[in-house]
Structures are given as structure tokens and as C-alpha cells.
Protein chains: 2
Amino acid sequence: MARPTIRDVAARAGVSLGTASRALSGNGSVRPATREAVLQAAKDLDYRVNSLARSLRSNHTASIGLLIPDVRNPYFSQLAHVVEQSALEHGVTTLLCNADERPEQMAMYVDVLRERRVDGVIVSPFADAEQALAGLDDDAIPTVFIDRRIPGSPTPSVTSDTSSALDEAIALMSRLGHRRVGFITGPRTTSTGIERIEQVATAADHHGVEVEWQEGDFHTESGHRAATSLLGSGVRAILASDAQTTEGALSAIVEQGIALGEGLHFIGFDGTPATALIRPSLTYVRQQVQEMAATAVDLLVRLRAGEIVTSVRLPSTLVLGGSARPAADHLTEERSCA
Amino acid sequence: MARPTIRDVAARAGVSLGTASRALSGNGSVRPATREAVLQAAKDLDYRVNSLARSLRSNHTASIGLLIPDVRNPYFSQLAHVVEQSALEHGVTTLLCNADERPEQMAMYVDVLRERRVDGVIVSPFADAEQALAGLDDDAIPTVFIDRRIPGSPTPSVTSDTSSALDEAIALMSRLGHRRVGFITGPRTTSTGIERIEQVATAADHHGVEVEWQEGDFHTESGHRAATSLLGSGVRAILASDAQTTEGALSAIVEQGIALGEGLHFIGFDGTPATALIRPSLTYVRQQVQEMAATAVDLLVRLRAGEIVTSVRLPSTLVLGGSARPAADHLTEERSCA
DNA sequence: TTGAAAGCGCTAACAA
DNA sequence: TTGTTAGCGCTTTCAA
């Protein structure tokens with residue numbers, strides 16, 4: 001037999017279509033014995049529900065969309081993994097969509113998600129994303145922002161608050177004797193890019209430090225370029241603004257054979273696998289990626305249930321490694337070479 | 001108005017339901033003027049097809065499933081990205097599923113993919129996956145193996161042939177004067193794990209080298225553990241079997257402060273972002289990940305079209321870096337410290 | 001608790 | 001080329 005339908009199951013169990021549906025979906029009451037019979041018949045036939053038909057009728061798909069800039073970015077691939085697993089715990093599958101930081105591709109995916117009638121969307125937006133995202137609103141698809149948000153938007157968001165960690169970072173650089181600190185920025189097209197620029201500016205003011213701004217775009221290449229330029233102009237204290245610029249900056253530093261923590265103090269963002277290969281170890285801003293992802297799913301589920309939810313802001317911390325460490329801790333420092 | 005349906009579009013364009021459907025889906029002939037009118041009406045109404053209804057009726061979903069061990073593995077996240085983009089070029093969306101190397105989770109996802117009636121599946125299998133995957137066969141869902149395969153299975157696969165690269169690697173170690181080479185294996189539950197063990201064994205025989213086998217499981221932790229153990233027993237030539245064990249082994253080497261390329265020769269697998277931070281640069285086996293992913297999508301599309309396809313095996317190469325380089329090239333070597 | 005019947009939005013025959 | 005109609009497989013009223 002071709003794929004058995006619920007009709008076949010009902011027939012085999014000797015009940016009506018409706019009863020079989022109630023037993024299988026768990027909605028509506030069924031006498032235990034009847035339910036058993038239906039379940040057994042389904043098993044005998046190796047029946048599998050057609051989610052297309054179910055969703056068409058019931059008006060929900062048990063699926064959400066996750067719209068991120070790029071899975072290959074280790075920060076987002078971790079995010080994607082936790083979102084997927086958290087959603088699974090709610091019986092919901094995730095449609096992963098890579099916008100590639102391109103508004104057109106984001107718009108295209110928004111269309112796909114609308115057509116597929118997903119129950120909700122978790123998105124990490126960027127400039128010009130607002131218009132692309134408007135379609136979700138038109139269809140009243142619950143949406144949650146993750147990592148980044150659109151200022152002024154009523155959409156609830158789960159983001160991390162990096163202000164105190166960045167203040168600590170600048171304070172540390174100041175304490176290490178630096179009057180000039182290089183900062184590799186993120187793009188002004190993202191909320192995180194803008195925020196971190198402002199936070200660093202404020203902290204620098206506060207600690208009497210001058211910032212050497214270097215434009216970056218959250219890609220490794222720009223991190224590499226910016227770090228090279230900063231090193232060329234004699235800066236000996238560098239801060240990166242995300243995981244990828246951190247990797248890029250480190251590769252430039254490593255290339256030039258500069259001793260981290262001695263000739264140069266460096267503070268990165270997010271502890272990715274790559275940064276584990278650095279000696280001395282990396283001082284970096286740690287964001288709560290896992291919590292962020294799990295919280296976003298939770299918010300979306302509650303939004304879908306009709307609850308009113310508010311945005312969540314998770315604190316981040318400065319993790320001390322050898323690449324920039326307060327003098328007092330210097331004894332514990334170990335260096336592999338140089 | 002709530003979501004407009006194709007009825008609304010037809011009414012506005014002054015045509016019948018069927019005509020509107022033909023104009024919108026592109027199947028069947030429609031007079032150009034009529035088509036224009038329908039498209040205009042659809043645009044006016046901001047109509048979006050309900051893919052659930054379309055798929056239910058037409059019996060295809062324009063979606064495929066991608067079943068991989070873990071997106072966080074940089075090797076697979078790259079694979080996932082290319083698969084997604086290649087599929088998009090065919091107008092097909094990708095459902096990304098992380099099996100987490102667990103048969104139950106793979107079985108669960110196979111169920112999900114069956115219920116969602118995907119048009120095809122690309123999967124990177126492991127031991128005990130065969131039974132979980134049987135469900136795809138029951139539903140006659142076209143399947144292609146990627147990176148790994150199940151020996152003896154009729155399912156077409158796209159894999160890389162690492163034999164000559166690994167032979168070169170062993171030859172290089174031999175030429176560098178090593179009689180003993182440590183090899184961090186992959187799990188015997190994967191075809192790649194088994195193959196690489198055999199290929200290394202053959203090459204070692206061939207070049208008169210003895211292999212110090214260290215069990216690994218394609219995770220960073222095991223790479224770290226294995227490398228530590230090998231270094232402890234005095235081995236000074238190490239080979240890893242995949243991207244993750246490479247990262248793990250490197251972190252162990254870096255931790256111990258051992259000078260790569262001098263006190264120790266190391267050859268890794270796959271050039272991930274992390275390995276770009278290593279000095280001297282890494283000697284590694286490069287697989288054609290992008291081609292692999294694109295080819296798998298192509299195979300699946302052709303399979304779906306009823307073509308008979310055959311498995312593809314892509315050659316891989318040994319990329320020379322400073323971590324293990326033939327003596328002749330030694331002049332070009334640059335070291336950052338030590 | 002169960003059955004009968006309607007219909008979700010669309011495509012694909014079939015006729016005209 | 002177009003309109004009409006049946007029906008994909010399921011859930012969900014409504015009665016019984």
C-alpha cells in the first residue's frame with residue numbers, strides 16, 4: 001500500500017475518521033480502549049501523519065523560522081544549535097535561514113516563511129531589515145529579535161548588555177598604562193555595532209582613555225585589516241567588537257609575530273574554538289549565547305500562547321586571560337614561547 | 001482582510017479559480033494579458049500562496065532535509081551553508097537537522113522529514129543510522145549521502161577520497177625522518193573514520209612507518225586527549241583525522257608550548273578559521289567541501305527528476321604549511337616565536 | 001464518547 | 001485558453 005492515511009487507520013481500528021483523528025492528535029476525548037486500538041492500528045500500518053494536511057486544517061505548523069546573518073559564523077552557529085534544540089523540546093522544528101547580511105535575501109526568506117506558514121520567527125536583524133520584516137507583521141506572525149534589534153521597534157528582543165563588560169575592558173587597558181586604545185568597530189547597520197561603539201566611547205571618557213577607531217563589519221577580513229592598521233600606527237592596546245573581528249585581528253597579530261600580553265594587550269569577543277588556540281589565553285567579553293537562544297524560544301512560545309512578553313537583556317562578563325591581564329594576576333601567567 | 005486566498009485574487013482579476021492558479025504557479029497556459037491581470041491582482045492584495053495547500057495537492061514541497069551530525073562543527077556548518085545556497089538556486093528550501101551523532105535523534109528527524117513530506121534528503125550517516133534511515137526508503141524519498149556513507153548501501157553518495165592525500169602525508173612524515181607516527185583516529189562508526197584508518201595503515205606499510213594509534217571520535221576533546229597522550233609517549237609526528245580532532249590536538253600542542261614544525265611535525269584536516277591562527281601555518285588535508293555540497297544537491301535534484309545517478313568521489317589534496325614541510329622548502333619557513 | 005459532514009487553500013483533470 | 005469540479009488528508013464543528 002502507498003502511504004497509509006488516517007482513513008486506513010480508522011478502518012483498521014474499526015472506528016470513524018474523527019475518532020481516529022482525536023486519538024492520534026490527542027485533542028478531544030477518546031475512550032482509553034478505543035485510543036489503544038487506534039494507536040495499535042497506526043503502528044501496524046506504520047502510519048505517519050501528513051503534517052501538510054494537518055497544518056492546512058488546524059492553522060498551525062509546529063515550526064518556527066530562524067533568520068540569521070550566517071551559520072558559518074561560530075557565534076551564530078552556536079545560537080542556531082541551541083535554538084533548534086530548545087524548539088525541539090517544545091515539539092517545534094526550526095527552519096534555518098541565512099540572510100547573508102543581505103536585505104534581499106532576508107526579504108526572500110521572509111516570503112518563504114510566510115508561505116510555509118511558520119508559527120513564529122526569531123530574527124537577528126540589520127539595517128533595512130525593517131521593511132523586509134514588515135511582511136511578518138502583515139501576517140501577524142509572532143516575532144522575537146535575538147542578539148540584535150531594531151531601535152524603536154515594538155518587537156520583543158533578547159540581547160546581551162555589554163556595557164559593563166566593555167567598561168571593565170577599557171578600565172583594564174587604562175590600568176595597564178594605555179592612554180590610547182584601538183577599537184575595531186562593528187557596522188553601524190546593526191544595533192550591536194552601534195551600541196558597542198557608544199559603550200566604548202562612554203567608558204573611554206570615563207577612564208580618560210583615547211580611542212583609535214577602526215571601522216569593521218563583523219567579518220574576519222575587516223578584523224585583520226583593522227588590526228594591521230592599528231599595529232602600524234603604534235597602538236598597543238586593541239579591542240575587537242565580535243567573534244569574527246576577534247579571529248581576524250588575532251590572525252594579523254599572529255602573522256606579525258607580536259607577543260600577546262607583553263608587547264600588545266588584546267581583548268576579544270566571545271570564546272570561539274579558534275581562540276582556544278591562542279597563547280597566552282584570550283581576555284574576552286563573554287556573552288550568554290545559550291541563555292539568549294533558549295530565552296528567545298521561550299519568549300516566542302509564550303507570545304504564541306497569547307501572553308504579553310517583555311524584552312530580555314542578559315549581562316555579559318569580562319573573562320580574563322593572558323592577552324590582557326591586571327598586573328596582580330601576573331604571577332599565574334604562563335607563556336608558551338618568545 | 002485576513003490573508004487573501006487565491007479565490008480573492010481570481011475574483012479581483014475577474015477570472016476563475018483555475019486560471020488564477022495557472023497564472024500564479026506557471027503551470028498550464030494562460031493568455032499573457034490574463035496572466036498580467038492575475039499577477040497585478042495578487043500584488044494589489046499582497047497575496048502569498050499557501051504552500052501547505054499547494055503541497056498537499058501537488059504532492060511536492062520544494063524542500064529538502066539536511067541531516068548532519070552537528071552545525072557547530074565548522075566543517076559541517078560550511079557544508080550546510082553551501083547546501084542551503086545551492087538548493088535555493090533550484091528554488092528549494094532546506095530543513096537543517098542536527099542528529100548530534102545520536103541515532104535516536106536521527107530517527108526522530110527522519111520522522112519529522114517524512115511528516116513534512118520533503119522532496120529529498122541529504123544525510124551524513126553513522127553506524128546504526130541505517131535503521132533510522134529505512135523510513136525514507138519506505139516513503140520512497142530520494143536520498144543522497146554526503147561526506148560519509150553506509151558501505152554496501154545502494155544510496156548514491158558524494159564523498160572525498162583522502163587516500164592519496166593521506167599517503168602523501170605519511171610519505172612526508174617518513175621523509176622528515178620519522179619511524180613512528182601518531183594517528184588520532186575517527187570513530188569506527190563512520191565510513192570516514194574507518195577509511196582513514198585503513199588508508200593510513202596502507203600508507204604506513206608502504207613507507208615503512210610504524211603507526212601509534214590513538215582512538216578519537218571526531219570531537220575536540222578526544223583530539224586534545226589523544227595528542228596529550230601521544231606527546232607523553234614521545235611521538236614527534238602526529239596526524240589528525242578531521243577538523244575537530246585537529247583543533248583539539250592543536251590546543252594540546254599549544255598548551256604544552258611545543259614548537260610546531262621543529263620539535264613536532266603535525267598534519268591536520270580541513271582548513272578551518274581556527275587553524276588560521278596557528279604559527280607556523282598548518283599542513284593539512286584539504287577536502288573539497290563546497291563542491292561536495294553543491295554536487296549533493298545536484299545529485300538529489302536529478303534523482304528527483306527520475307535520472308539514474310552514480311556516486312561521486314572528490315579528490316583531496318595535501319596543503320603544505322610550516323607544521324610539517326619537506327626540507328627543500330625550509331628556506332621559505334617563517335616562525336613567529338621560539 | 002463517537003460519527004457524520006464540512007471545509008482548510010490549493011492543483012489537476014476534464015469540458016467547453 | 002478558460003471555467004468547473006473533485007479532492008489532497010486532515011481537524012473540527014455539530015448531533016446523536
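The model shown is predicted, which means the values in this text are computed figures rather than measured ones.
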Rounded to whole Å, the NE2-P distance (B:His60 to D:dC8) equals 17 Å

Check step by step if side-chain hydrogen bond (donor to acceptor under 3.5 Å, both in side chains) holds for A:Thr159 and A:Arg313.
CA-CA 5 Å; A:Thr159 53; A:Arg313 214 157 163 74; 2.8 Å; yes

Sorted by number, residues from residues 14-32 of chain B placing a heavy atom under 4.0 Å from DNA chain D are B:Val15, B:Ser16, B:Gly18, B:Thr19, B:Arg22, B:Ser29, B:Val30, B:Arg31

B:Glu36 CD to D:dT1 C1', in whole Å, measures 16 Å

For A:Thr61 and A:Arg117, indicate whether the former's side chain and the latter's backbone hold a donor-acceptor pair under 3.5 Å.
yes

From CZ of A:Arg114 across to C1' of C:dG9 the rounded distance in Å is 16 Å

Winner on side-chain proximity to B:Thr34, out of C:dC8, D:dT1, C:dG9, is D:dT1

Whole-Å distance, B:Ile6 CD1 to D:dG3 C1', equals 14 Å

Taken to the nearest whole Å, CG/B:Asn50 to P/C:dG7 is 18 Å

Here the distance between atom C1' of C:dC8 and atom CG of B:Asp8, to the nearest Å, is 14 Å

Here the distance between atom P of C:dG9 and atom CZ of A:Arg57, to the nearest Å, is 10 Å

Quiz item: Within a radius of less than 6.0 Å around CZ of A:Arg102, do more than 12 heavy atoms belonging to other residues, nucleotides or ligands occur?
Solution: yes

- Are side-chain heavy atoms of A:Met108 and B:Leu88 found at a separation under 4.5 Å? yes

5'-most contact on DNA chain D (nearest-nucleotide basis), B:Leu56 vs A:Ser58, goes to B:Leu56

* To do: For residues B:Leu79 and B:Leu66, determine if any side-chain heavy atom of one lies less than 4.5 Å from a side-chain heavy atom of the other.
  => no

Show me the donor-acceptor pairs, under 3.5 Å and distance only, between side chains in residues 122-138 of chain A and residues at least two apart or in other chains.
| from | atom 1 | to | atom 2 | distance (Å) |
| --- | --- | --- | --- | --- |
| A:Ser124 | OG | A:Ile146 | O | 3.2 |

Subject >> Residue pair B:Arg116, A:Thr93: steps toward the side-chain hydrogen bond (donor to acceptor under 3.5 Å, both in side chains) verdict >> reply: CA-CA 10 Å; B:Arg116 293 222 122 86; A:Thr93 55; 2.6 Å; yes

Given C:dC10, is OP1 or OP2 found less than 4.0 Å from the side-chain N or O atoms of B:Ser55?
-> no

Separation of C:dG9 atom P from B:Arg48 atom CZ, nearest Å, is 16 Å

